[in-house]
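Every chain is numbered from 1, with letters handed out A, B, ... down the list of sequences.
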Amino acid sequence: MKIDYKVLDDKIILNNVESFNPEHIFECGQAFRWYREDDGSYTTIAYKKILNVLLEDENTVILNNTNEEDFKNIWIDYFDLKRDYSIIKNKLKGDTTMEKAIDYGYGIRILNQEPFETMISFIISANNQIPRIRKSIEKISENYGEYLGEYKGKNHYSFPNPSELAKIKPEELREIARVGFRDKRIYDTANIVNNREFNIEEAKNMDSIELRKALMELPGIGPKVADCIMLFSFKRSETFPVDVWIKRVMEELYLHEETKQKEIGIKAREIFGEYAGFAQQYLFYYGRENSIGKK
DNA sequence: TGCCAGGGGTTCA
DNA sequence: TGAACCCCTGGC
């Protein structure tokens, strides 16, 4: 798929983009490190860069604070820009529910995030709340990441790499980042990744069954967290993470009865097939923003 | 004001 | 299968 863009100063201007809305992308639950600015744009930290994303108009997106080299090396893949989302949408629009969800979150794209950061972030997410998860990740970055600079009046830091985080003792993580009982899980997983017992580069080449199994052997990673990591940082778009929100949405809109988590994952793959991961994001955003299934 | 439930699940018995 | 779990916020 051809990408229509031009470079202007420190900006990349994306023209004629379909399916790209920063609000949908960042607030559909896949990422934690973004900040909504006063002008409605989003500033995000990834791959040791500070990037600002503005929806200029219906068909134009501006990537601020970057350059063509980073665009080609990082952001095209990060934003999944080579993928034609109209194909996915057409494939998924088999029922009125999904049609509504897609119309609502039409600008969602699944980001390709950094595996290690994604692993730790979703370990933190267990039995936790989004504002607190974000705070913990921010504290970890501030204290153990690299200073990247200031943007729009705020200092930004990279997420620490495995060798940096592996050094931090559980007690300190708990104290500084307020991660609670997840402290040891983070410490242990960071060390396992750091000493290559779990090798991220090798993991990229595993088939999905093997990868899921390997991830679930890590402390703090169960079925749901493993699925999130696979979908958001290992490009496994057939994966359908089942959290409490998706459980409610699926039960209310598709299954019409109480169903076990594992069963929901299986049914979802039957219904949505190879694009189950995209379906999950559309449903999550639609369901959560509209409080579907909430008692 | 103060108490209590509940949260992007995982782990351990 | 079920209880426990840090911590924090929102609701009463």
Side-chain angles (χ1 to χ4, degrees), chain A residues 24-34 101 105 108 110-111 113 115 117-140 142-143 159 168-193 198 212-234 236 239-253 258-265 268 276-295:
Chain A
H24 298 173
I25 291 171
F26 292 113
E27 302 202 27
C28 70
Q30 59 182 325
F32 299 103
R33 297 206 65 201
W34 48 264
I108 288 175
I110 295 191
L111 298 170
Q113 304 184 66
E117 175 178 338
T118 307
M119 290 164 77
I120 302 299
S121 297
F122 281 93
I123 287 174
I124 294 173
S125 78
N127 190 231
N128 210 340
Q129 298 165 145
I130 291 170
R132 239 192 95 203
I133 300 166
R134 293 171 52 114
K135 230 168 258 174
S136 290
I137 295 169
E138 187 162 329
K139 285 288 175 201
I140 288 174
E142 262 175 41
N143 283 279
F159 191 83
I168 315 305
K169 295 279 179 287
E171 311 80 65
E172 188 179 329
L173 283 171
R174 183 178 288 231
E175 175 71 25
I176 301 272
R178 317 303 291 160
V179 293
F181 60 84
R182 307 164 193 83
D183 57 352
K184 195 167 166 9
R185 299 174 183 178
I186 296 169
Y187 176 80
D188 289 340
T189 292
N191 276 278
I192 291 169
V193 173
F198 180 95
R212 190 166 196 259
K213 189 162 165 280
L215 284 169
M216 284 179 60
E217 281 170 10
L218 299 173
I221 302 183
K224 189 269 178 182
V225 170
D227 285 345
C228 286
I229 295 166
M230 290 174 57
L231 181 58
F232 303 139
S233 65
F234 283 95
R236 310 304 164 113
T239 314
F240 192 92
V242 182
D243 59 44
V244 289
W245 281 101
I246 280 295
K247 185 172 186 301
R248 288 181 197 141
V249 171
M250 286 297 288
E251 284 170 348
E252 176 148 332
L253 302 179
E258 182 140 5
T259 313
K260 289 191 177 135
Q261 304 232 160
K262 191 172 177 184
E263 195 64 23
I264 292 176
F278 296 96
Q280 197 268 7
Q281 288 306 96
Y282 290 123
L283 288 174
F284 181 88
Y285 186 65
Y286 177 65
R288 201 163 70 99
E289 299 286 314
N290 297 292
S291 296
I292 288 173
K294 194 159 169 76
K295 294 155 273 187

Subject >> Nucleic acid contacts of residues 215-225 of chain A, taken as heavy-atom distances under 4.0 Å to DNA chain B >> reply: A:Leu218, A:Pro219, A:Gly220, A:Ile221, A:Gly222, A:Pro223, A:Lys224, A:Val225
Interatomic distance where [atom1] belongs to [X] and [atom2] belongs to [N] [whole Å]:
X	N	atom1	atom2	result
A:Ile246	B:dG7	CD1	P	16 Å
A:Arg182	C:dC5	CZ	P	13 Å
A:Asn127	B:dG9	CG	P	7 Å
A:Asp243	B:dG6	CG	P	18 Å

Subject >> Sugar-phosphate only, base, or nothing, as touched by A:Phe32 at under 4.0 Å among non-hydrogen atoms >> reply: base
Original post:
Heavy atoms under 4.0 Å, any strand shown: does A:Gln30 hit a base, just sugar-phosphate, or nothing?
Top reply: base
Subject >> Between C:dC6 and B:dA13 - P atom distance, rounded Å >> reply: 14 Å
Original post:
In terms of the angle between their ring planes, are A:Trp34 and A:Phe26 parallel, tilted or perpendicular, with boundaries placed at 30° and 60°?
Top reply: tilted
Subject >> Given C:dT1, B:dT10, C:dC6, the nucleotide with the shortest approach to the side chain of A:Ala126 >> reply: B:dT10
**OP:** Name all stems that contain residues of DNA chain B, defined as runs of 3 or more consecutive Watson-Crick or G-U wobble pairs, both distances under 3.5 Å.
**Re:** B:2-7 with C:7-12, B:9-13 with C:1-5
Filtered N/O pairs between nucleotides 8-12 of chain C and protein, under 3.5 Å:
residue	atom	partner	partner atom	Å
C:dC8	OP1	A:Arg178	NE	3.1

